[in-house]
Amino acid sequence: MAGFDKRVSSLEEAMAGIESGMTVIAGGFGLCGIPENLIGEIQRRGVKDLSVYSNNCGVDGFGLGLLLEDRQISTIYASYVGENALFEQQMLEGDIEVVLTPQGTLAEKMRAGGAGIPAFYTATGYGTPIGEGKEVREFNGRHYILEESVVGDFAIVKGWKADRYGNVVYRDTARNFNPLAATAGKITVVEVEEIVEPGELTPDQVHTPGIYVDRIIQGSFEKRIEKRTVHQG
Amino acid sequence: MAGFDKRVSSLEEAMAGIESGMTVIAGGFGLCGIPENLIGEIQRRGVKDLSVYSNNCGVDGFGLGLLLEDRQISTIYASYVGENALFEQQMLEGDIEVVLTPQGTLAEKMRAGGAGIPAFYTATGYGTPIGEGKEVREFNGRHYILEESVVGDFAIVKGWKADRYGNVVYRDTARNFNPLAATAGKITVVEVEEIVEPGELTPDQVHTPGIYVDRIIQGSFEKRIEKRTVHQG
Amino acid sequence: MALTREQMARRVARELEDGFYVNLGIGIPTLVANYVPDDIDVMLQSENGLLGMGRFPTEEEVDPDMINAGKQTVTARPGAAIFSSAESFAMIRGGHVDLTVLGAFEVDQNGNIASWMIPGKLIKGMGGAMDLVAGAENIICTMTHASKHGESKLLESCSLPLTGAGCINRVLTDLAYLEIENGAFVLKERAPGVSVEEIKDKTAGKLIVPEHVPEMVFAD
Amino acid sequence: MALTREQMARRVARELEDGFYVNLGIGIPTLVANYVPDDIDVMLQSENGLLGMGRFPTEEEVDPDMINAGKQTVTARPGAAIFSSAESFAMIRGGHVDLTVLGAFEVDQNGNIASWMIPGKLIKGMGGAMDLVAGAENIICTMTHASKHGESKLLESCSLPLTGAGCINRVLTDLAYLEIENGAFVLKERAPGVSVEEIKDKTAGKLIVPEHVPEMVFAD
């Protein structure tokens with residue numbers, strides 16, 4: 001059954017093959033559900049000129065923010081760049097190209113890329129700078145713009161549990177972009193908190209079927225909280 | 001909390017508002033996971049001239065086959081019409097318009113309709129009769145055709161368990177088209193085997209979030225098996 | 001007197017209906033959750049993938065895997081559902097959310113909204129706002145009526161890059177509640193003690209003032 | 001001797017590789033599952049929403065909620081995943097399935113395939129076949145080389161409505177295994193005892209016959 005055993009035992013093996021100039025699709029929303037250790041491995045390798053698709057770009061010194069420090073990212077497709085001073089600075093200074101992309105369009109670009117849909121129409125962004133230069137078409141009296149999908153050389157994903165076949169479940173809102181990213185990588189690498197035996201995940205409850213996943217690695221996670229808000233009383 | 005209690009107590013109430021000439025999107029694959037009782041209620045009401053989106057059209061005397069008997073369907077969008085003699089006959093005689101639609105395209109039409117995507121490109125059907133009259137476009141050197149999505153006046157869905165908020169889980173391969181259909185109805189009616197208390201369904205495991213669902217009804221099901229195949233020994 | 005942030009949230013909360021699925025943006029919109037009338041129930045959608053957002057967690061409940069779109073730690077109420085970002089925006093884009101409340105820098109008399117960038121000054125990104133305004137049929141925009149320098153934010157035509165075109169029809173400011181109809185702001189209610197004259201002064205876009213403009217009433 | 005259905009399935013099974021995700025169509029392709037070599041493991045995808053299809057159920061295991069795309073009752077193997085039709089075709093359309101095996105009425109030298117209707121005679125519908133041939137890079141077509149009346153099914157140009165254009169590159173018939181390259185069928189293997197002459201006779205499309213065409217060997 002070696003052919004379906006997708007477990008790898010080192011981060012080096014997990015990110016083997018990543019090279020400068022590649023496109024990387026990353027799961028996570030803010031600092032929630034981000035592939036911390038895979039990002040760390042990309043930093044360690046020092047590959048440059050990456051194109052990254054990710055909703056956010058981490059914070060200074062954590063998450064994808066690490067790759068900004070070493071100027072490893074040349075272009076990022078993201079919906080939100082707030083809360084990251086270095087990011088804002090690199091953007092304003094033109095060191096990094098930021099393609100601001102509406103969050104739902106970003107999610108759908110990944111999903112469609114994984115699903116063999118090269119392009120789709122959405123009303124999101126019509127009449128705004130996001131729609132400029134894009135084809136506009138009317139359906140049922142409403143205007144939509146054409147958006148193309150994306151497939152990455154690598155997708156880096158954070159899951160909760162996985163089996164060796166690469167079936168993955170996510171925990172709570174740490175799911176976010178992860179299942180979409182998982183479908184959209186030529187090589188999809190998933191790091192999880194726990195690897196379980198095949199059969200432990202109920203087939204009905206698998207969030208990412210193993211067919212999308214190439215490598216699985218177990219890791220430990222800091223899970224930094226961006227805004228700790230608590231109920232008083 | 002009346003506003004979120006989507007339970008109805010009769011089939012009459014479940015299908016209230018359905019009229020002749022409407023578009024109905026139905027879940028189910030073959031006879032597996034079909035909304036048996038909602039179909040029965042449509043038959044009882046005798047509404048005519050329905051446009052139906054469903055992968056199959058049941059068999060003679062069961063499932064959507066019931067609506068063929070009374071000639072209630074004028075147009076059906078389906079991927080497979082085999083195993084239903086009456087269907088084939090009505091189609092060949094021109095009593096019913098059959099828009100044969102590739103299975104994946106049919107699924108994506110429903111999903112996209114529910115997701116506010118009016119149209120998408122797919123390679124499926126390019127160069128075949130399915131692509132005739134449709135826009136062809138090249139992306140990355142490959143040809144794709146443009147397919148439009150669908151939203152129905154009603155979606156009829158078969159779930160396993162639901163809570164009163166309309167959160168639904170499906171069982172095994174009875175899931176099939178049901179979650180897609182559920183997103184694509186202006187009025188979505190789900191019949192289930194069991195209604196559970198809010199909180200009994202783990203949020204992570206909900207297949208159809210309640211926001212898509214308008215009415216929930218508990219029913220009992222025949223669950224007819226189309227091809228009973230057993231392991232010898 | 002201009003409305004406080006809390007009063008603005010309370011006024012918006014009156015637009016809630018029993019059974020509404022609601023997406024609340026960051027800032028004043030978030031406060032609306034505190035003023036849901038007792039006799040109705042609404043379900044909060046957070047675009048990072050949560051339907052049925054609950055209160056903030058206690059210290060013991062804090063969980064880094066459970067946040068809202070503002071990245072705050074939250075809880076899920078019984079009957080919540082959690083899903084991917086694609087599913088979340090399927091709901092939003094597909095028009096399944098009943099009400100969206102969000103802030104803005106500018107709104108104009110044609111229902112255009114600008115809320116995501118000030119060229120050369122502030123680029124935070126649009127997050128989910130462009131999807132929300134494109135997907136919802138029912139949007140309330142909350143904002144101060146004018147800047148600190150007295151410049152109107154209710155314009156004839158937005159000067160900043162748009163978030164959405166022709167999508168806003170209700171605006172609640174600290175001075176007034178207005179609806180946008182046929183290329184004009186229609187003044188529906190005034191903040192307590194705020195004169196029609198002041199609102200006129202601070203509205204750069206076309207303003208229609210009905211004969212009677214009631215004052216908002218806040219019970220306590 | 002022409003291959004039996006079982007021999008055809010056995011020959012196709014040799015194309016399986018360890019770790020392949022495979023979609024098997026109805027008919028001969030289904031039989032391939034019986035001949036997976038012992039030293040490899042493949043995962044069967046059924047387009048109604050099952051990855052990791054197992055054997056048929058025992059009488060006690062029969063469950064109407066667990067069927068395959070041929071509507072047969074089946075089981076799931078440990079490590080299976082179940083999903084919606086949209087997700088299933090995301091896999092297929094997105095090129096995630098490693099090998100698709102399906103039957104056909106006709107194939108032509110340009111890789112076109114016709115498998116879903118015979119005008120005026122038979123309209124079953126394409127089911128998932130159009131998606132499968134559009135999505136897979138690796139397709140094996142299984143069919144008899146000629147009709148009962150001796151008419152070739154390997155044509156210069158398909159006469160029936162197409163299922164997919166230019167997508168087939170491997171064909172296993174009861175007489176031969178062929179690959180489609182540059183607008184021609186290339187004869188790679190013969191069924192035991194079948195002459196190159198017979199294959200030539202029954203191939204209407206352009207056929208390239210290499211100097212040596214090995215005979216298939218079946219151990220038992």
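All of these numbers come straight from a predicted model, not from anything done at the bench. Residue numbers begin at 1 in each chain, while the letters A, B, ... track the order of the sequences. Quick note: numbers below take in every heavy atom, side chains included, and nothing from hydrogens, waters or symmetry partners.
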Spacing of [atom1] belonging to [X] relative to [atom2] belonging to [Y], to within rounding of 0.5 Å:
X        : Y        : atom1 : atom2 : value
C/Trp116 : A/Ser79  : CH2   : OG    : 11.0 Å
C/Ile67  : A/Leu31  : CD1   : CG    : 8.0 Å
A/Lys227 : C/Phe56  : NZ    : CZ    : 10.5 Å
C/Met130 : A/Tyr126 : CE    : OH    : 14.0 Å
A/Ile130 : C/Thr163 : CD1   : OG1   : 9.5 Å
A/Asn178 : C/Ser84  : CG    : OG    : 10.0 Å

[X] and [Y]: which non-hydrogen atoms are nearest, and at how many Å?
X        : Y        : value
A/Pro129 : C/Pro161 : CG-CB, 3.6 Å
A/Thr128 : C/Gly164 : CG2-N, 3.8 Å
A/Arg175 : C/Ile82  : NH2-O, 3.1 Å

Side chain, backbone, both or neither: which part of [X] has a heavy atom under 4.5 Å from chain A?
X        : value
C/Asn68  : backbone
C/Ala129 : neither
C/Glu87  : neither

More than 12 non-hydrogen atoms from neighbouring residues, nucleotides or ligands closer than 6.0 Å to [atom1] on [X], yes or no?
X        : atom1 : answer
C/Lys206 : NZ    : no
C/Glu137 : CD    : no
A/Gln218 : CD    : yes

* If we only count heavy atoms from C-beta on, is the C/Asp65 to A/Lys223 side-chain gap below 4.5 Å? ->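 C/Asp65 vs A/Lys223: side chains touch.
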
* Asked: How about A/Asn56 and C/Lys71: do any of their side-chain heavy atoms sit closer than 4.5 Å?
  ->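 The answer is yes, as the side chains (C-beta and beyond) meet within the 4.5 Å cut-off.
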
* Tell me the residues of residues 100-123 of chain A whose non-hydrogen atoms fall below 4.5 Å from those of chain C, in number order. =>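 A/Leu100, A/Thr101, A/Pro102, A/Gln103, A/Gly104, A/Thr105, A/Ala107, A/Glu108, A/Arg111, A/Thr122, A/Ala123 fall under the 4.5 Å cut-off.
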
* Asked: With C/Gln72, which of A/Thr229, A/Ile225, A/Val230 fulfils side chain to side chain contact (heavy atoms under 4.5 Å, CB included)?
  ->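 Output: one option passes, namely A/Thr229.
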
Do you know which of [options] has the most heavy-atom pairs under 4.5 Å to chain A?
options                               : result
C/Asp63, C/Asn112, C/Leu50            : C/Asp63
C/Gly70, C/Ala165, C/Gly166, C/Gly127 : C/Gly127
C/Gly49, C/Pro64, C/Ser46             : C/Pro64

* Contact leader toward chain C among A/Gly33, A/Cys32, A/Ala78, where contacts are heavy-atom pairs under 4.5 Å ->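 Answer, by heavy-atom pair count under 4.5 Å with chain C: A/Cys32.
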
* To do: Give a yes-or-no answer on whether the side chains of A/Asn176 and C/Ser85 include a donor-acceptor pair shorter than 3.5 Å.
  =>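 No donor-acceptor contact under 3.5 Å links the two side chains.
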
